[in-house]
Student: 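Quick one: the structure is below, and I'll ask about it shortly.
For this chain, numbers begin at 1 and follow the sequence in order. On a predicted model such as this, the values are computed, not experimentally measured, just so you know.
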Amino acid sequence: MQEPKSSEMASLAGRIRSGNRAAEEELVLRFRDRVLTMALVRTRDRETARDLTQETMLVVLSAIREDRLHDPSRLAGFICGTARNLISNWIRTRKRQEDPLNGDPPSFDSNPEDDFENAERARLAKEAIDRLKPEERKILLFTLVDGLAPSEVAGRLGLTQQAVRQRKSRALKRAREELERLSRS
């Protein structure tokens with residue numbers, strides 16, 4: 001996905017602020033998958049990821065409509081930052097709820113087989129990612145978990161944006177291949 005230009009983002013934010021519903025749909029279509037991926041990677045739960053994606057879009061649209069977006073040219077970063085914050089808040093809340101010292105009894109409603117399968121999938125995914133080169137792991141972490149744009153990752157790693165995109169694509173492909181190989185063994 002090509003990174004949006006700051007002038008495009010400022011224009012999009014301006015159209016949303018003026019009440020253009022088509023611009024709101026454009027924003028959601030442009031950023032929904034990126035936010036969903038961030039949420040899915042961090043929560044490992046598809047329904048929660050969908051809920052967090054929807055909440056992110058609503059918060060961002062509300063901020064734009066109410067003219068609370070300080071720098072419209074940095075809309076993409078604002079969206080990713082909002083998503084990161086909402087996801088982190090969800091994770092913190094969940095950890096507090098699961099903390100046995102918090103006073104809440106643990107849930108016994110879960111199916112042990114499902115829990116085992118989920119834990120096994122998570123273990124295999126972690127192992128597949130651990131087998132990647134350190135630079136590949138960093139690129140995936142920066143882009144999928146932290147939600148950084150290729151330009152930001154490029155600056156941090158001393159690469160071009162194109163190199164970041166290519167290496168991210170290769171890293172994802174290698175991770176999928178490793179995961180498939182590990183799943184078969």
Student: What verdict does the side chain to side chain contact (heavy atoms under 4.5 Å, CB included) test give for Ile79 and Leu27, after you've listed the backbone C-alpha separation in whole Å, the side-chain angles of each residue and the deciding distance to 0.1 Å?
Tutor: CA-CA 10 Å; Ile79 293 169; Leu27 177 129; 3.8 Å; yes

Student: Taking all heavy atoms of Arg44 and all of Val41, pick out the closest pair and write down the distance.
Tutor: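 So the two residues come closest at CG-O, 3.9 Å.
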
Student: Kindly work out whether a path of hydrophobic side-chain contacts (I/L/V/M/F/W/Y, heavy atoms less than 4.5 Å apart) joins Phe31 to Leu58.
Tutor: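 Per the 4.5 Å side-chain linkage, Phe31 and Leu58 are not co-clustered.
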
Student: Classify the side-chain pair Asp71/Ser73 by whether it contains a donor and acceptor separated by less than 3.5 Å.
Tutor: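 The answer is yes; a qualifying pair exists.
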
Student: Using the side chain to side chain contact (heavy atoms under 4.5 Å, CB included) rule, take Arg34 and Cys80 through it: C-alpha gap first, then chi angles, then the decisive distance, then the call.
Tutor: CA-CA 8 Å; Arg34 181 186 297 186; Cys80 290; 3.6 Å; yes

Student: Passes side-chain hydrogen bond (donor to acceptor under 3.5 Å, both in side chains), Thr48 versus Arg94? Steps please.
Tutor: CA-CA 11 Å; Thr48 299; Arg94 183 170 171 230; over 6 Å; no

Student: Is any side-chain N of the basic residue among Arg170 and Glu136 closer than 4.0 Å to the acidic one's carboxylate O?
Tutor: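 So Arg170 does not pair with Glu136 through a salt bridge.
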
Student: So does Leu132 get a backbone contact from the side chain of Arg137, meaning a donor-acceptor N/O pair under 3.5 Å?
Tutor: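 Indeed, once roles are kept as given, a pair shorter than 3.5 Å links the two residues.
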
Student: Determine, stepwise, if the pair Arg174 / Glu178 fulfils salt bridge (Lys or Arg N to Asp or Glu O under 4.0 Å).
Tutor: CA-CA 6 Å; Arg174 285 194 54 217; Glu178 281 294 323; 5.2 Å; no

Student: Determine, using the 4.5 Å side-chain heavy-atom cutoff (strictly less than), whether Leu36 and Val28 are members of one ILVMFWY cluster.
Tutor: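 Leu36 does not cluster with Val28.
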
Student: Donor-acceptor pair, distance only, cut-off 3.5 Å: does the side chain of Thr82 make one with the backbone of Phe78?
Tutor: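 Side chain of Thr82 to backbone of Phe78: a pair is present.
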
Student: As an exercise, state the distance from CD of Glu25 to CG of Asn20, rounded to the nearest 0.5 Å.
Tutor: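 Here the rounded value is 9.5 Å.
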
Student: Quick check for you: to the nearest 0.5 Å, what is the distance between Phe142 atom CZ and Glu152 atom CD?
Tutor: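 These two atoms lie 10.5 Å from each other.
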
Student: Can you list every pair that meets side-chain hydrogen bond (donor to acceptor under 3.5 Å, both in side chains) and has a residue in residues 50-60, with sequence neighbours left out?
Tutor: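 For residues 50-60: Glu47-Arg50.
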
Student: Rounded at 0.5 Å granularity, tell me how far OG in Ser18 sits from CZ in Arg65.
Tutor: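 That separation rounds to 11.5 Å.
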
Student: Same cluster or not: Val35 versus Leu61, using hydrophobic residues (I, L, V, M, F, W, Y) connected whenever any side-chain heavy atoms lie under 4.5 Å apart?
Tutor: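 Linked, Val35 and Leu61 end up in one cluster.
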
Student: For atom CZ of Arg17, is the number of surrounding heavy atoms from other residues, nucleotides or ligands below 6.0 Å larger than 12?
Tutor: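 More than 12 within 6.0 Å, yes.
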
Student: When rounded to the nearest 0.5 angstrom, what is the spacing between CD1 in Ile16 and CG in Leu75?
Tutor: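 Answer rounded to 0.5 Å: 6.5 Å.
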
Student: Give the minimum heavy-atom separation between Ile64 and Ala13, together with the two atoms involved.
Tutor: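 Looking at all heavy atoms of both residues, the shortest contact is CG2-O, 3.4 Å.
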
Student: Output yes when a side-chain donor or acceptor of Thr143 lies under 3.5 Å from a complementary backbone atom of Ile139, and no otherwise.
Tutor: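 Checked: pair present.
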
Student: Connecting only ILVMFWY residues whose side-chain heavy atoms lie within less than 4.5 Å of each other, what is the rest of Leu179's hydrophobic cluster?
Tutor: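 Under the 4.5 Å side-chain rule, Leu179 groups with Leu124, Leu182.
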
Student: Might you confirm whether atom CZ of Arg123 has over 12 heavy atoms from other residues, nucleotides or ligands at distances under 6.0 Å?
Tutor: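 Atom CZ in Arg123 is packed in, count exceeds 12.
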
Student: How far does CD1 of Ile91 sit from CZ of Arg42, to the nearest 0.5 angstrom?
Tutor: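 One gets 4.0 Å once the value is rounded to the nearest 0.5 Å.
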
Student: Taking NZ, NE, NH1 and NH2 as the nitrogens, is one of them in Glu66 or Arg68 under 4.0 Å from a carboxylate oxygen of the other?
Tutor: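 Here Glu66 pairs with Arg68 in a salt bridge, since their nearest N and O are under 4.0 Å apart.
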
Student: Can you tell me how far the CE atom of Met57 sits from the CG atom of Leu52, to the nearest 0.5 Å?
Tutor: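 Reported to 0.5 Å precision, the distance equals 11.0 Å.
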
Student: Is the shortest distance from a Lys or Arg side-chain nitrogen in Arg21 or Glu24 to a carboxylate oxygen in the other one below 4.0 Å?
Tutor: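 A salt bridge links Arg21 with Glu24.
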
Student: What closest approach, in Å, do Leu12 and Ala23 show between heavy atoms, and which atom pair accounts for it?
Tutor: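 For Leu12 versus Ala23, the nearest heavy atoms are CD1-O, 3.4 Å.
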
Student: What I'd like to find out is whether the side chain of Arg30 reaches to under 4.5 Å of the side chain of Met9, using heavy atoms alone.
Tutor: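 Counting from C-beta outward, Arg30 and Met9 do come under 4.5 Å.
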
